[in-house]
Structures are given as structure tokens and as C-alpha cells.
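First up is the structure itself, then whatever we jot down about it.
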Number of protein chains: 2
Amino acid sequence: MALFLSTYVNKVDKKGRVSVPAKFRAVLASKGFDSVVLLPTINGDAIDACGMDVMERLLEKIGGFDPLSEDRESFADALMSDAVELPIDGDGRIMVPLELLENAGIEGQCAFVGRGDSFQIWQPEAFEIRKKQARARAVQKRASSLGGEGGAND
Amino acid sequence: MALFLSTYVNKVDKKGRVSVPAKFRAVLASKGFDSVVLLPTINGDAIDACGMDVMERLLEKIGGFDPLSEDRESFADALMSDAVELPIDGDGRIMVPLELLENAGIEGQCAFVGRGDSFQIWQPEAFEIRKKQARARAVQKRASSLGGEGGAND
DNA sequence: TTGACTTCCATAAAATCCCATGATATTCCA
DNA sequence: TGGAATATCATGGGATTTTATGGAAGTCAA
């Protein structure tokens, strides 16, 4: 399997550890990674997660080292400074930095949400709300490509 | 590839010593370095930091310019003459020259800010301000330059 | 010898590793 | 097919290691 699919809700323990769903670990491992990269979503609702390959692609897009480019500076600051690479421990867990958890309103439990190339980590109820909105929008737009959407989580 | 990611705030002690974050030391070590190169940022807000490899790439870039042009002169002056190579001691610390610290307004604490290929050292509050600006700019630009790619963002 | 820089050592906090457990899923065979 | 034997997984807790930081002792040059 090569895609992050489905949604899993796991516990955040007292030490701040969370199990990465085994299926997601398998996807990462298939790409040769034993770590995950996390960064806040653009609008701050949740946490984006991906393998280092995605970060490298982003950095390439930003451009090589060009110290005079203001755009490069902005991207570098906004993306790289908030991103963290977390090693996955022997039991399949990571330690999510407190700041990211607080930022996403996560406490006690979190939802791992597959998105294909990447996944996200949400406060479970916030994700449910967000999903309803997304579904409503999809229905409204009669998006034919998402016709059967949602089957993985019910 | 290992990248400098995330932001760490560490103390500058009375002797001027600062711990380089372990994650950053690991990146440097993976490239075979036991030292860091520091130089003032172009606009003087902070300190740029990287491994010797990045300096070599920069020198190549400069070398491509006409040796008589003013550009070459100013690049060489700005980048190479102010740069210092600092050894990382047995406890993972460096001694940042006073001039660089003062120039960046650093005292007591400093923020190590990952930028992928390189990192920067900031006075913590100055960086927070800068980051807000950078993020606003990145959001604004995102649609046109990074539109849709990577799947890492919401 | 004084001052500046390096090793070296001590410590508290934090991160990481290791093992145990219960729950769920999977395999295997009569 | 049923159901026991076996794996896998998420989770808890303790032991061990790493990290950041402070201070003392050793080096070297002016």
C-alpha cells in the first residue's frame, strides 16, 4: 500500500506519546522513512504530516540557496521553521511537540486522517465538524468525483 | 537528505557559550562537519548559519561573476569576510563572537531557526515578529507558486 | 600572570528505549 | 466451521540515555 487512507483515533498519553497507526507506519516504511515530518496547517486548524520527501520537494520549489530572494526567505521561514521531524520509536510512537498539539486543540485523543500523499492530525471533534462541512460543500457542488465519499470513516 | 527544521530557543551563558540544538548537530554531523559557519544576514537582522558545504556553493556562485564587477566585490565582502567557522565543542556548544550577537540584538537567549539547507540565529522576539510577516506573505503567495502541490497543506 | 579559550565534570530535566499487558485481528487445523 | 493457537497492535510504566546548562580545572599566548 502506498497511500495514507482512512481515519484512526489514538490516545495521547501523559508523556505526550501517540501511536502512529500501523497502516500509516507501513506507508512511511515503504518509502524508506522511520520518521514523520509535522507542520501546522496553513489556517492553523490541525497538523499536517508527511514524509521527508514532501519537505524536500517543497524546498526544491522554493529554490536553491539564493540569499537575496525575499520570497524564498518567506517560504523558508514559514514552512521550515515550524516543521519538525519526529523519529518513530520502536513501538511505533512519536512525541508531538506541545505547541503543535495546543495549536490544534488536541488533548487526550487525536485523529489521524489519511489524505493520500500525506495525512493530518486533528482534534477528533473538530475533524468531524470539518468533515461535515466538506461533505455539504461536495454535495452542493455535485462533485461527481467524490460521489461515494466518506465510506472509510463511518 | 537531512534538513534543518523547527525552532529551538537556547540560553547564551555568561561566557558566551550556546548549545547548538542536538537535531541541528545531527544534520551537520551527517554531512561530516564538526563546525558551523556563521555570518550576519544581509539585512543585519540576525545570523545566518550553515555547514561549510553551503559556503562552498556560494563561493562557486560568486566565482561565476565577472571578477571586476562590483557585484562580485560586494558579495565577496558581505559573505566571506564576515563569516566565521566555529568549532562545536565536546558538549555541543559554540562560542558566538560578541559582534555577531550584538549585531542581532541577542542577549541571554537565542532562537535557532531551521531553513532547510541552513539555519538562522535570532533574538527570539524579533524572530516571532519576522515569522508573522513571513507567514502572511507565504499565504498570500501560496496559491500562485505552490498551488496544489505536495498535498502537505490544507 | 592575566585574560581568553578550551576541556572536563556534575546535574536536572527531558527524550528514548525496553518490557509487560490486554485487546483485537489472523492463522491454522481438526 | 468452530475455535484454539498465534500474531499484531495500542497503551502503560519503569529504566536508561541524551540534552542543555552550570561551573571548575587545564592550556596557551601576550
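The figures here come from the full heavy-atom set of this structure, side chains too, leaving out hydrogens, waters and symmetry mates. Given the structure is predicted, the values throughout are model-derived calculations rather than measurements. Every chain is numbered from 1, with letters handed out A, B, ... down the list of sequences.
Here B:Lys23 does not reach the OP1 or OP2 of D:dT19: none of its side-chain N or O atoms lies under 4.0 Å away. Distances shown here put every side-chain N or O of A:Lys15 at or beyond 4.0 Å from the OP1 or OP2 atom of D:dT11. A sub-4.0 Å separation between OP1 or OP2 of D:dA20 and a side-chain N or O of B:Arg25 is present.
Rounded to an integer number of Å, the gap from B:Ile94 CD1 to C:dT7 C1' is 17 Å. Taking atom CG of A:Asp13 as the reference point, atom P of C:dT16 lies 13 Å away to the nearest angstrom. The nearest whole Å value for the distance from the CZ atom in A:Arg17 to the C1' atom in C:dT16 is 9 Å. Residue A:Arg93 contributes atom CZ, which lies 13 Å from atom C1' of C:dA15 at whole-angstrom precision. The CG atom of B:Asp34 sits 11 Å away from the P atom of C:dT7 (whole-angstrom rounding). Atom C1' of nucleotide D:dT18 and atom CG of B:Asn10 are separated by 14 Å, given to the nearest angstrom.
Checked against a 6.0 Å centroid threshold, the rings of A:Phe24 and A:Phe4 count as neighbours.
If you take CG on A:Leu3 and NZ on A:Lys23, they are separated by 13.0 Å, rounding to the nearest 0.5 Å.
Between A:Ala22 and B:Tyr8, the residue whose closest nucleotide on DNA chain D is further toward the 5' end is A:Ala22. Take the nearest nucleotide of DNA chain C for A:Asp91 and for B:Met95: the residue whose nucleotide is more 5' is B:Met95. Residue-to-nucleotide proximity on DNA chain D shows that, of A:Val9 and B:Gly92, the 5′-proximal contact is made by A:Val9.
Counting non-hydrogen atoms under 4.0 angstrom, B:Pro21 reaches the backbone sugars and phosphates but no base. Note on B:Val20: only backbone sugar-phosphate atoms sit closer than 4.0 angstrom, heavy atoms only; bases stay farther off. B:Lys14 comes within contact range of the sugar-phosphate backbone alone, with a heavy-atom separation under 4.0 Å but no base atom that close.
Here the options are B:Thr41, B:Asn103, B:Val96, the test is side chain to side chain contact (heavy atoms under 4.5 Å, CB included), and the partner is B:Ile47; only B:Val96 passes.
Both A:Val20 and A:Met52 are members of a single hydrophobic cluster when ILVMFWY side chains are connected at heavy-atom separations under 4.5 Å.
Comment: A:Lys15 does not engage A:Asp13 in a salt bridge, judged by the lack of any side-chain N to carboxylate O separation of less than 4.0 angstrom.
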